Structures are given as C-alpha cells and as structure tokens.
Protein chains: 2
Amino acid sequence: MSDAALWTALADPHRRAIVTLLLERPRPVGEIAEHCGLSQPSASKHLKVLREAGLVRVRQDAQRRVHALDPAPIAALDAWLEPYRRLWNSSLDALGRRLDETSDDT
Amino acid sequence: MSDAALWTALADPHRRAIVTLLLERPRPVGEIAEHCGLSQPSASKHLKVLREAGLVRVRQDAQRRVHALDPAPIAALDAWLEPYRRLWNSSLDALGRRLDETSDDT
DNA sequence: CAGTTATATGCCAGTCAAGGAATGCAGACG
DNA sequence: CGTCTGCATTCCTTGACTGGCATATAACTG
C-alpha cells in the first residue's frame, strides 16, 4: 500500500500544480519550475516525490529530463473515492427528490 | 478554494481511517478513538480538521457528539480527478488494444 | 579537455503538524 | 449542588517537510 505516498504527494499544492501542468504535456524540469514559480532545486525535489509516488515518469533528452504524467496511480484514488461517490450521489438524489416535492414555488 | 483543506485533511492516514470508519455509520468520538487506536484528544483534533474541511458533521446527543460523514466535499476531489481519469481510461484502452493485438499466446 | 547547460543533492534554518498529558467545560444524574 | 461522563482545548516537545543556497553530476559543445 504505497497509497500513503500517493496522498502525501498530492497533499502539496505545488505538486498538484505540477501534476496539473503535466496534464497539458510533458515538460523538462526548468520549464516546470518556471511555470510553477519554483526554484530549480525545489522543482527537482517535488518531482522526486511525484516520481516515487509513481505519478510521473522521466525520459532523458540530452541534458534535459522530460517529465511526463503517469495517471495510473490516480486510479487508486478513484477506487478509494468509490464508496463516497455513491453516498454523494444518493444524497444528490435525495435532495433532488425533496426539491421536486417543493418545486411549486419556483 | 478550501480545496487545500480537503487535501490536507485526507492526507493523514488516521483521518482517512476515520472517514472510512464513518462510512459505516455515525459514531461518537470515543468510539472513533477506540476503533482507530487513537487517544481521545487526538481523535478530537483529527475530527476538528475533518469538520473544518466539511467532511464531517456533528450531532449532539446528551454528552456525546455523534460525528457523521458528509460526502459532499468529496465531489471536489472527484472533479479534480476527472481529467486524469480520462487519461487513465484511454491508457487502459490503449493497453487493451495492444493486448488484443498480441492475444494469440494467451 | 575546458566550458556551458540542465538537473540532482546536501546542508541548514524556519515552519508546521502530530501526539501525549493535563486541564477545562458542558450535560446528565442523584 | 456535587459528581461523573464525554469531549474539547491548551501546552509542550518532537519529528517531518519546505525552501534557499551552494555544490556535485551528467551530457552536450567546441
């Protein structure tokens, strides 16, 4: 269960920003740092955490290290959310039903 | 965007355990503490964080404070996951296609 | 090989969250 | 009103994480 590593990785706002940024396309470290307003060392460290959580993969291109998103671990989160999503949906349903019952004064 | 509070709240394993526990049914603080192997003060603190993230609601019953799960904030997470889920699914699709192509040696 | 670019790492100081023990507080109950 | 129960809050200590800076490392360039 490196589930913990995944949560920890995504708990940080900067790292979520990186992940979101990589959603667009893979990028080298420097570019990531710039876009997220991070120093290069800081970006490197965050990327390390993301790598160890399996969220990011590296491809070496000359001196550059192009980091790409790996969405696979997100599936674990998705699975974790499952039961709550059910609850949430049924709550919405209940709300909808109640709204329907009272909807004559809309 | 108290999105951050939500992530922070769920980043902690104990709090995830509490949330999972409350999935079953609402419970008073003492019960939660016992089930999660937490001291009473610790449980109280974690519940406070969960409350402030909107994940938990309290109903007062005599001296007891019965905490119940509120799955609504989870929707935010779900929304955040959306784009990644797409990617993930398409990756699966791609994998499936590749497996199909090579599936004569199954 | 010397120099430059792109990135990783080590070290340090500041910050913050977590756990434990003790205490405060409100409701129940005789 | 005194007491007990259930929970919240405070204080304190400790460990973890973060950022910055300096430095090491690796790969390209001439």
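The structure presented is a predicted model; accordingly, all values stated were derived computationally and were not measured. Per chain, numbering begins at 1; letters A, B, ... match sequence-line order.
- Atom NE2 of A:H67 and atom P of C:dA6 are 14 Å apart (whole Å).
- A distance-only check finds no donor-acceptor pair linking the side chain of A:S42 to the backbone of A:L38 [under 3.5 Å].
- Contact record, B:A11 with A:A11: CB-CB, 3.6 Å, taken as the closest heavy-atom pair.
- Think of the region where chain A sits on DNA chain D: with heavy atoms and a 4.0 Å cut, that region ends 5' and 3' at D:dT18 to D:dC28.
- Sequence neighbours left out, the pairs with a member in residues 32-51 of chain B that pass ring-ring contact (aromatic ring centres under 6.0 Å, His included) are B:H14-B:H46.
- Shown for residues 7-26 of chain B: residues whose heavy atoms fall under 4.0 angstrom of DNA chain C, namely B:D12, B:H14, B:R15.
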So which protein N/O to nucleotides 20-25 of chain C N/O distances come out below 3.5 Å?
unit_1: C:dG20; atom_1: O6; unit_2: B:K45; atom_2: NZ; d: 2.4

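- The backbone N or O of B:D78 sits less than 3.5 Å from a side-chain atom of B:R85, completing a donor-acceptor pair.
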Could you go over nucleotides 28-30 of chain C and give all protein N or O partners under 3.5 Å, atom names and distances?
unit_1: C:dA28; atom_1: O4'; unit_2: B:Q63; atom_2: NE2; d: 3.0

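- Within the 3.5 Å criterion, the main-chain N or O of B:L10 finds a donor-acceptor partner in the side chain of B:R16.
- For the atom pair A:L81 CG and B:W80 CH2, the distance stands at 11.0 Å (nearest 0.5 Å).
- In terms of modelled atom types and a separation under 3.5 Å, the side chain of B:D12 and the main chain of B:R15 share a donor-acceptor contact.
- To the nearest 0.5 Å, atom CD of residue A:Q40 and atom CG of residue A:L47 are 10.0 Å apart.
- Using a 4.0 Å cut-off between charged nitrogen and carboxylate oxygen, A:R27 and A:E34 do not count as a salt-bridge pair.
- Nearer to the 5' terminus of DNA chain D, by closest-nucleotide assignment, is the contact made by B:V66 (compared with the other of A:V49 and B:V66).
- Within the 3.5 Å criterion, the main-chain N or O of B:A68 finds no donor-acceptor partner in the side chain of B:R57.
- Closest-nucleotide positions on DNA chain D for A:R65 and B:P28 were compared, and the one nearer the 5' end corresponds to B:P28.
- For A:E31 and A:R25, the salt-bridge test passes: some basic side-chain N is under 4.0 Å from an acidic carboxylate O.
- Taken to the nearest 0.5 Å, the CD1 atom of A:I18 stands 8.0 Å off from the CG atom of A:L21.
- Residues passing the side chain to side chain donor-acceptor pair (under 3.5 Å) test with B:T20 are A:Y84, sequence neighbours excluded.
- At least one side-chain nitrogen or oxygen of B:H46 sits closer than 4.0 Å to the OP1 or OP2 atom of C:dG19.
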